[in-house]
Visitor: 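Structure incoming, see below.
A note on names: the letters A, B, ... follow the listed sequences, proteins ahead of strands, and every chain is numbered from 1.
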Amino acid sequence: MSDSAMNEKYDPAAVEAKWQQGWAERGTNRVDLRTAPRPFYTLMMFPYPSAEGLHIGNVFAFTGADVFARFRRLQGFDVFEPFGFDAFGIHTENYALNVGANPAQLTPRSVANFRRQVRRVGLMLNWEHEVDTTSPEYYRWTQWIFVQLYKHGLAVRKKAPVNWCPACQTVLANEQVIDGFCERHGDTRVEQRLLEQWFFAITKYAQRLLDNLDWIDWSDTTKMAQRNWIGRSEGAEIDFALADDPTRRLRVFTTRPDTLFGATYMVLAPEHAWVESLTTLAQRPAVMAYRERTAKMDVVSRRAVKEKTGVFTGSDAINPATQERLPIWIADYVLAEYGTGAIMAVPAHDERDFEFAQVFGLPIRRVIANDGERADTPLAAGYAGPGRLVNSAQFDAMDAEQGKRAITEWLRAQGQGTARVQYRLHDWCVSRQRYWGPPIPMIYCDACGIVPVPEKDLPVLLPEVEDFRPNASGVAPLARVETFYRVACPQCGQMARRETDVSDTFLDSAWYFLRYPSAQRGDVAFDPELTKKWLPVDMYIGGNEHAVLHLLYSRFLTMALHELGLIPFEEPFKQFRAHGLIIKDGAKMSKSRGNVVSPDSYIEQYGADVFRLYMMFLGSYQEGGDFRDEGMTGVRRFLEGVWRVVREHEPKRDVAEVLLRATHKTIRKVGEDVEALRYNTAIAAMMTLLNDVKRHGPANRWVSEALVLMVAPFAPHIAEELWEAMGHATSIFDARWPAFDDAMTRDAVVELAVQVNGKVRGRIQVAADDAEDVVIAAALADSGVHAAIAGKPIKRRVVVPGRLVSLVV
RNA sequence: GCGAGAGUGGCGGAACUGGCAGACGCGCUGGACUUAGGAUCCAGUGGGCAACCGUGGGGGUUCGAGUCCCCCCUCUCGCACCA
């Protein structure tokens, strides 16, 4: 090593600029997708490019994915690490509305800014496969997928309630409704409206989406969230004949058929189709008023827990078990969209029914009791726990679980009911009465009905319009653009009308990973050969805020496309790992707290390598951590130390035995940790090795190279610079992860703690392979141990190899 | 309310299937080098004079518990009238 090189100081800005340019020029990150022998596809969640620029959370997410990708690359894989922009959607549009800009003009600027910032982080990206969901080359295929789903009956049109702001004259997303009022017109109450919308039939796949969770390799927290979201319940559907017309039977869903004898009234959702026909003349005004009131209420506050309300319809049904008359009520605590939209109410064993019965003075009859409890003990609240059936005729004394099966079977035998599985998952509403999205590729013709836009006519271009704002006309922005919606029917040629809604952003992001490998193909959505070779994605790393929507939609779409024969797999991501959340100085970053920090200034001040390394060090990657400016100092010192130690190494020298062993151990530990995304402890291990080099050094070439290779995934620029300084002409990322010798990771002599009655009384040095009695003898010979035993007989001896000896006297 | 996760030094955080609590880093203290340093390097650093005590609190299992079991408290994140 020359003197000049030795004296060179670590200058992150210079090193990083040099290598970012070097990688671009050399094409270091490029991978030939057709010929690569060991494909490995890593995916990070593509960002929505906000005008505010890159957020620390983005960089944390990207860096964690990049570390893993670079690690795989060093293991010899051909790593494909693409990037793109999820630039359509309501966020961009709302921001544009706020600043008075047009999203079509604002988005390209935001994307360019994001691209600049992302480049500065030094990710191993394949920019030649970039996608942007707002480009016609991309959304052409989003629309194409829509058409494919439509042709196979998976995209359907039906009515659904939506939030409607009378002031905006437009539909709002749930997040835009604040306590029942419009986010932009604080004094305007949001209403519920029933509109025709496009839905994707995700519920058809509910069971499969659930079943596959048993085998896909995903973070448990994510799988748990999906299970809850899909919400499978087992129960029964039961028919209740109407008292006045036994030929009509009202169907309910219940998970507690065992409590059938305790049903004392029934409740319909206000929107239930039978409400009008069941309402008697006398009750009509009250029922209609109630119905109107709930219909006006916005979707969000309707769901908020509150006092029970409801109205009696005037009609009764017959309990098939007791033959009693049950009054039929309507109440908004019963939801139209779940089960059959009607319930049998068992106040004794359901909290909500109990509350309702209390308010309206309805009878409460107990049918489940614990052993030794009297069947007529009054209840203070609905009891939903286990027990035995009481007041239930021939089913008395049966365990509740057994009773569920027995009563369902008894109902089935009489044609009054049947076992049934329900899911809380709803079909995916993809219609948005908005401007900034891909137009839904459908045409309505008076003669032919719904006609999909022929594939040759795709994309349906989103017209650039001045007037993209929602306004008083009361319809989607595109419905005001006559040149857009007036179109000839593709089937009959008659004048027809285009769909003027755009599709949900989540549709754009539900398939982007399928597009990346084929991003350069203009003629197909996904090249069959590339898709087969690269997909499913090997490792997907992203935030758990997308656990249910994005990740579930992606799984659904993949399943659907698989069933349509378009792709050869049904699960999109072999592995998914959720990273944690970054907080700042102990609190969540938010504008109102004023603790939002931009990655730019840190990268400016410390360099990308220090910044990356710190983010990976500040806490557990999968749990998140606390970002504190002071923490940056430690990792900066570490990189400076690596710089110095590597530059001062003595190429041919034999290193001390301890250092040699320490290096083998570190290689093993860092490899295992990175594999499991335990980045913080991997870095701690490297710091320990650096301390060892300082103490027992200098390092030789092998130790230096190992250290630099291990640092490389985290701090790629400095690693390249040092690699080059060591005389390598090619990129460090074309080198191989260092190998360790297993024997060298195990110490021949180990120190054991010796406990007497649970307290450490001495320490002994023994050979790792010493027999138990040898170890015990050594333990007894220790003076501290000897004193603690004080001549008492030893009742018990435990030897844990490599750990400790425990003696009981 | 339901579901999931977490409470460990002054701080961020380690601790594999129960096995020497506090790795690693920040900060702090002392020292070295310096005209000087908020630069760098070295050493020390849970509490207590000690026996000992220490992982939110209280019980328990065990030779041994941060880790397992029961009860309670606090916080974070999801979902929220799903029958």
Visitor: Cut-off 3.5 Å, side chains only: do Thr340(A) and Arg251(A) have a donor facing an acceptor?
Guide: no
Visitor: Would one find more than 12 heavy atoms of other residues, nucleotides or ligands at under 6.0 Å from atom CD of Glu351(A)?
Guide: no
Visitor: Side-chain polar contacts of residues 781-796 of chain A - donor-acceptor pairs under 3.5 angstrom, sequence neighbours left out - could you list them?
Guide:
residue   : atom : partner   : partner atom : Å
Asp782(A) : OD2  : Gly784(A) : N            : 3.0
Asp782(A) : OD2  : Val785(A) : N            : 3.2

Visitor: Could you measure between the two P atoms, the one in A6(B) and the one in G13(B), and give it in whole Å?
Guide: 14 Å
Visitor: Just by distance, no angles: are the side chains of Thr309(A) and Tyr290(A) close enough, under 3.5 Å, to form a donor-acceptor pair?
Guide: yes
Visitor: Ignoring hydrogens and angles, state whether a donor on the side chain of Ser219(A) or Asn544(A) is under 3.5 Å from an acceptor on the partner side chain.
Guide: no
Visitor: Counting only side-chain heavy atoms from C-beta out, which of A83(B), G19(B), C41(B) sits nearest to Ser233(A)?
Guide: A83(B)
Visitor: Without decimals, in angstroms, what is the distance between Phe253(A) CZ and C81(B) P?
Guide: 17 Å
Visitor: Classify Glu751(A) by what it touches in the nucleic acid, base, sugar-phosphate, or nothing, heavy-atom distance under 4.0 Å.
Guide: base
Visitor: Between C1' on G5(B) and CD1 on Ile583(A), what's the gap in Å once rounded to a whole number?
Guide: 14 Å
Visitor: How far does the C1' atom of A15(B) sit from the matching atom of A50(B), given to the nearest Å?
Guide: 29 Å
Visitor: Could you pull out all residues at least two apart from Asn680(A) that satisfy side-chain hydrogen bond (donor to acceptor under 3.5 Å, both in side chains)?
Guide: none
Visitor: Just compare A23(B), G25(B), C20(B) and give me whichever is closest to any side-chain atom of Leu804(A).
Guide: C20(B)
Visitor: Is any N or O donor-acceptor pair between the side chain of Lys308(A) and the base of C81(B) shorter than 3.5 Å?
Guide: yes
Visitor: Fill in the dot-bracket string of RNA chain B, one character per base: . for unpaired, | for a pair to another strand, ( ) or [ ] for pairs within the strand, taking Watson-Crick or G-U pairs under 3.5 Å.
Guide: (((((((..(((......[....)))((((((.......))))))((....))..(((((..]....))))))))))))....
Visitor: Checking contacts here: which listed nucleotide (A43(B), A14(B), G3(B)) is nearest the side-chain heavy atoms of Asn680(A)?
Guide: A14(B)
